[in-house]
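Right, one structure below, let's go through it.
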Amino acid sequence: MRDNKVIAPHLLDWYDRHARDLPWRVPPGGGRADPYRVWLSEVMLQQTTVAAVKDYFIRFTTLWPTVQDLAAADDADVMAEWAGLGYYARARNLLACARAVSAAGGFPTTRDGLRTLPGIGPYTSAAIAAIVWDLPETVVDGNVERVVARLFAVRTPLPAAKPELTGLAETLTPRQRAGDFAQAMMDLGATICTPRNPACGICPLIDDCDARAQGIAAELPRKAAKAAKPSRIGIAWIARQGEAVLLEERPARGLLGGTLAFPSAGWDGRDLPPPGVADWHEIGEVRHVFTHFNLSLTVMMGDLDGAPDRGRLVPLRQIDRSALPGLMRKVWDMARSRIAA
DNA sequence: AATTCGTGGGG
DNA sequence: TCCCCAAGAAT
């Protein structure tokens, strides 16, 4: 059996002095957090950096201050506000969750109850339970995996090491202030116990860290080798008619599911013809990187001869770049420069 | 259980 | 330029 580490008092003391000030966070000892704001921030923060989330969080909470407000919102408005943040299944699940919570009269007050809601998994359920309801749940995100792997010098590569790391993390969670402890672990991982060049010299847990003692902190956690990233090609069509351009809502599931987009094909498993008859001509190539492939998208432009067979024509001035996902922003930027010229 | 889901920043 | 990675969940 591994040694029993007791790090919570020391780490919480560090957190009381160094907690980051974040829009969704209640300072240590600052009272109960709003479950809506904590839930919204945790969903936005899934696989997404704090820097990228901040503005989105402020916009969402300004537009929809309560979960009831969000539950009453139009799907298209929420998708448009989420555009650019990525992982769009989160936005669809966000609305489904808001509507379930609103109908139920509030958020569940246990981890298991939270876990049943769409978009809330092992991490997010534990985070809300600990941060909002002050329950002694153990929160395991990428930061905690790294901190724990180093504290206990776990050499097993991820993701196989996940159960072991979770078990070890559970031995660290205090009965009191579990929410602050979780946020302290994540802050530590984000600011000191970083993936590369960890700042062990100023780490409050330096005397508890096995990896540091063995001189291998920067080498942990180990990770399984990743598969090479394949390349895909496709076509996007800028279909014009007078002062309007064709846009469509993508299918609800899959790549960029439910987002607003220019008609395209060949890169997402769909092999579709152009959206109508036109004098198609190439205006350039857009490159984009997804999690699991690189994309080269050939952009075609043309004036429609007759009605398009899908999508809807949107007046130029009505096209809102910020309502498009990142890939389609690139396509639009290229098209707009051509239209202006 | 392994895949499939975005995007932007940093080294 | 390329690779890594970031408060994961759903299937």
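Below, read A as the first sequence line, B as the second, and so on, with proteins coming before strands; counting in each chain starts at 1. Worth saying up front: this structure is predicted, and the values here are computed from it rather than measured.
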Donor-acceptor pairs under 3.5 angstrom involving side-chain atoms of residues 124-136 of chain A: please list them, not counting sequence neighbours.
{"residue": "Thr124(A)", "atom": "OG1", "partner": "Gln46(A)", "partner atom": "NE2", "Å": "2.9"}
{"residue": "Ser125(A)", "atom": "OG", "partner": "Arg111(A)", "partner atom": "NE", "Å": "3.3"}
{"residue": "Ser125(A)", "atom": "OG", "partner": "Gly121(A)", "partner atom": "O", "Å": "2.7"}
{"residue": "Ser125(A)", "atom": "OG", "partner": "Pro122(A)", "partner atom": "O", "Å": "3.2"}
{"residue": "Trp133(A)", "atom": "NE1", "partner": "Pro108(A)", "partner atom": "O", "Å": "3.1"}

Please write out each protein N/O paired with an N/O of nucleotides 7-11 of chain B under 3.5 Å, distance rounded to 0.1 Å.
{"residue": "dT7(B)", "atom": "OP1", "partner": "Tyr88(A)", "partner atom": "OH", "Å": "2.9"}
{"residue": "dT7(B)", "atom": "OP1", "partner": "Gly326(A)", "partner atom": "N", "Å": "2.4"}
{"residue": "dT7(B)", "atom": "OP2", "partner": "His288(A)", "partner atom": "NE2", "Å": "2.5"}

Which donor-acceptor pairs under 3.5 Å do side chains of residues 290-300 of chain A form with protein atoms, sequence neighbours excluded?
{"residue": "Thr291(A)", "atom": "OG1", "partner": "Tyr87(A)", "partner atom": "OH", "Å": "3.3"}
{"residue": "Ser296(A)", "atom": "OG", "partner": "Glu285(A)", "partner atom": "OE2", "Å": "2.4"}

- Tell me which residues in residues 169-186 of chain A put a heavy atom below 4.0 Å from DNA chain C, sorted by number, or none.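 Within residues 169-186 of chain A, the residues near DNA chain C are Met186(A).
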Residues forming a side-chain hydrogen bond (donor to acceptor under 3.5 Å, both in side chains) with [X], sequence neighbours excluded:
X: Asp187(A); result: Arg20(A), Arg25(A)
X: Arg59(A); result: Glu81(A)
X: Asn93(A); result: none

- Query: Separation of Leu158(A) atom CG from dC4(C) atom P, in whole Å?
  - Reply: 14 Å
- Nearest-angstrom distance from the residue atom CD of Glu145(A) to C1' of dA7(C):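 Computing the Glu145(A):CD to dA7(C):C1' distance gives 11 Å.
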- What are the residues of residues 119-134 of chain A, sorted by number, that bring a heavy atom to within less than 4.0 Å of DNA chain B? none
- Message: Can you pull out the residues from residues 92-102 of chain A that lie within a 4.0 Å heavy-atom distance of DNA chain B?
- Response: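 Listed by number, there are none.
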- Just wondering, are more than 12 heavy atoms of other shown residues or ligands nearer than 6.0 Å to CD1 in Ile233(A)? no
- Task: Could you measure between the two C1' atoms, the one in dA1(B) and the one in dA9(C), and give it in whole Å?
- Result: 14 Å
- So, is Lys223(A) close to the dC4(C) phosphate, meaning a side-chain N or O under 4.0 Å from OP1 or OP2?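 False: Lys223(A) side-chain N/O out of range (4.0 Å or more) of dC4(C) OP1/OP2.
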Classify the nucleic acid contact of [X] as base, sugar-phosphate or nothing, counting any heavy atom under 4.0 Å across all strands shown.
X: Trp24(A); answer: base
X: Gly257(A); answer: nothing
X: Pro159(A); answer: nothing

Can you give me every donor-acceptor pair (side chain of residues 236-257 of chain A, partner residue at least two apart or in another chain, under 3.5 Å) with its distance?
{"residue": "Gln241(A)", "atom": "NE2", "partner": "Gly306(A)", "partner atom": "O", "Å": "2.8"}
{"residue": "Arg250(A)", "atom": "NE", "partner": "Leu255(A)", "partner atom": "O", "Å": "3.1"}
{"residue": "Arg250(A)", "atom": "NH1", "partner": "Asp268(A)", "partner atom": "OD2", "Å": "3.3"}
{"residue": "Arg250(A)", "atom": "NH2", "partner": "Leu255(A)", "partner atom": "O", "Å": "3.1"}
{"residue": "Arg250(A)", "atom": "NH2", "partner": "Asp268(A)", "partner atom": "OD2", "Å": "2.8"}

- Task: Please collect all ring pair (Phe, Tyr, Trp, His ring centres under 6.0 Å) contacts where either partner lies in residues 178-201 of chain A, sequence neighbours excluded, each pair once.
- Result: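 Sorted pair list comes back empty.
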Tabulate below the donor-acceptor pairs under 3.5 Å that side-chain atoms of residues 167-176 of chain A make, not counting sequence neighbours, or state none.
{"residue": "Thr171(A)", "atom": "OG1", "partner": "Leu168(A)", "partner atom": "O", "Å": "2.6"}
{"residue": "Thr173(A)", "atom": "OG1", "partner": "Thr138(A)", "partner atom": "OG1", "Å": "2.7"}
{"residue": "Thr173(A)", "atom": "OG1", "partner": "Ala169(A)", "partner atom": "O", "Å": "3.3"}

- Lys/Arg N to Asp/Glu carboxylate O, Arg146(A) vs Asp141(A), below 4.0 Å: no
